Amino acid sequence: TDSKSHKIIHVGQKHFELSYRDISYNRSKNVGCILEMVDRTDEINYLNKIEHYNVNLEHEVELKTKDISYIKDMMVLGMASMVESRDNSTGGHIKRTSKVVEIFAKELIKHQDEINLTEDFLKLVTKAAPMHDLGKIAISDVILKKNGKFTDEEYNEMKRHSAEGAKIVEQILDGVENEDFVEIATNVAHFHHEKWDGSGYPTHISGASIPIEARIMALADVFDALVSKRCYKEAFSYEKAYSIITESLGSHFDPMLGKIFLNCKKDLETYYNAEA
């Protein structure tokens, strides 16, 4: 009988497999040994090349994926900007609301124990914010470019943008983004005009039935509308905007999220004052 062990040794650029085998007689008496050395340089070099190629390939795929994701994000932002350029009343709204959601998300992270939202989730909500009004691409220029308040008929037509936006966002993102982000972005577009008491649109859902990402977006959306000049109104003061939001907690807005939003006053004012 015999027992065998082996190992790889490296000599310069060469690689050898060294095998050592004991030879025994009647399982007890050692009668000799065999030492074998085999040149494995070509095999090992080949395996190293494959491993190196795979590492490089993974790196290239990662870079390409990031490039594609960046291009896609820029295309979505471009679409949002194009839609906004057709709307007389909301210049800069996409940029500002996106920043408001970012500020709000940073405050929400401090309250994770209360609201059970992860930092990763809030990053996705922030990323989705610029898409909330994409549905306006389906609304006619006659309505979007109107100076002044809408008639009831025009307002009903404008309200279509949330449901249309959900369809557009889902079509754009399907297959190029992970399912979690697709759902978040779709919900932000679809439900950001719903109200806590069920009086919003388009589906009149209420309370916690409204996806929390849409409840976050609603606060950012309304705050910007309040403190920004529109063709039908002057900009409200910060205090007036905060007062309206406070009075609307439990009717328009999620009361818990609204209270946390009001903690952002300093950062919100710093941002808007810099933009003025």
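These numbers come from a predicted model, not from an experiment.
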Could you check Y155 against K149 for side chain to side chain contact (heavy atoms under 4.5 Å, CB included), going step by step and ending with a plain yes or no?
CA-CA 9 Å; Y155 183 53; K149 290 187 175 181; over 6 Å; no

If every non-hydrogen atom of [X] is compared with every non-hydrogen atom of [Y], which pair is closest and at what distance?
X: S98; Y: P130; answer: OG-CG, 3.3 Å
X: K127; Y: M131; answer: O-CE, 4.1 Å
X: D197; Y: G250; answer: CB-O, 4.4 Å
X: A220; Y: V100; answer: CB-CG1, 3.5 Å
X: S237; Y: V227; answer: O-CG1, 4.4 Å

Less than 4.5 Å apart, side chain to side chain, heavy atoms only: is that true for [X] and [Y]?
X: I205; Y: P211; value: yes
X: L257; Y: I212; value: yes
X: K195; Y: S251; value: no
X: N263; Y: K110; value: no
X: I50; Y: Y46; value: yes
X: L108; Y: V125; value: no
X: W196; Y: S206; value: no
X: L122; Y: I216; value: yes

Tell me, yes or no, whether the heavy-atom count around [X] atom [atom1], taken from other residues, nucleotides or ligands under 6.0 Å, exceeds 12.
X: E154; atom1: CD; value: yes
X: K265; atom1: NZ; value: yes
X: N116; atom1: CG; value: no

Report the distance from atom [atom1] of [X] to atom [atom2] of [Y], rounding to the nearest 0.5 Å.
X: I210; Y: M217; atom1: CD1; atom2: CE; value: 14.5 Å
X: L268; Y: I103; atom1: CG; atom2: CD1; value: 5.0 Å
X: H192; Y: L219; atom1: NE2; atom2: CG; value: 12.5 Å
X: Q171; Y: T186; atom1: CD; atom2: OG1; value: 10.0 Å
X: L124; Y: E183; atom1: CG; atom2: CD; value: 11.0 Å

Polar contact flag, side-chain donor to acceptor under 3.5 angstrom, E194-T203:
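Side-chain D/A pair, E194 to T203: present.
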
Side-chain H-bond candidate by donor/acceptor type, T41 with D39, under 3.5 Å:
yes

If you group Ile, Leu, Val, Met, Phe, Trp and Tyr by side-chain heavy-atom gaps below 4.5 Å, do [X] and [Y] land in one group?
X: F16; Y: L47; answer: no
X: I172; Y: V188; answer: yes
X: Y201; Y: F191; answer: no
X: M37; Y: V11; answer: yes
X: V101; Y: L173; answer: yes

Just say parallel, tilted or perpendicular for the rings of Y238 and Y272, cut-offs at 30° and 60°.
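Perpendicular, since the angle between the ring planes exceeds 60°.
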
Just by distance, do the side chain of [X] and the backbone of [Y] share a donor-acceptor pair under 3.5 Å?
X: S228; Y: D224; result: yes
X: N156; Y: D152; result: yes
X: R215; Y: F253; result: no

Chi angles and distances behind the side chain to side chain contact (heavy atoms under 4.5 Å, CB included) call for K136, M158
CA-CA 8 Å; K136 287 184 178 180; M158 174 63 84; 4.2 Å; yes

Using the rule given for side chain to side chain contact (heavy atoms under 4.5 Å, CB included), can you reason through V169 versus H190, listing the C-alpha separation, both sets of side-chain angles and the distance that settles it, and then say yes or no?
CA-CA 9 Å; V169 168; H190 200 179; over 6 Å; no

Between K95 and E275, does any side-chain N to carboxylate O distance fall below 4.0 Å?
yes

For F104 and I260, run side chain to side chain contact (heavy atoms under 4.5 Å, CB included): C-alpha distance rounded to whole Å, both residues' side-chain angles, the deciding distance at 0.1 Å, then the answer.
CA-CA 8 Å; F104 190 14; I260 296 173; 4.0 Å; yes

For the residue pair K233 and F236, would you count it as a cation-pi contact if the rule is NZ or CZ under 6.0 angstrom from the ring centre and within 45 degrees of the ring axis?
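Output yes; distance and angle both within limits.
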
Would the F261 and F223 ring centres measure less than 6.0 Å apart?
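Judged by ring-centre distance (under 6.0 Å), F261 and F223 do meet the cut-off.
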
Verdict with supporting geometry, T118 and D120, side-chain hydrogen bond (donor to acceptor under 3.5 Å, both in side chains)
CA-CA 5 Å; T118 67; D120 287 342; 5.4 Å; no

Qualifying residue for side-chain contact (heavy atoms from CB on, under 4.5 Å) with I139, from K159, E157, E164:
E157

With H193 as partner, the option from H161, H252, H132 fulfilling ring-ring contact (aromatic ring centres under 6.0 Å, His included) is H161

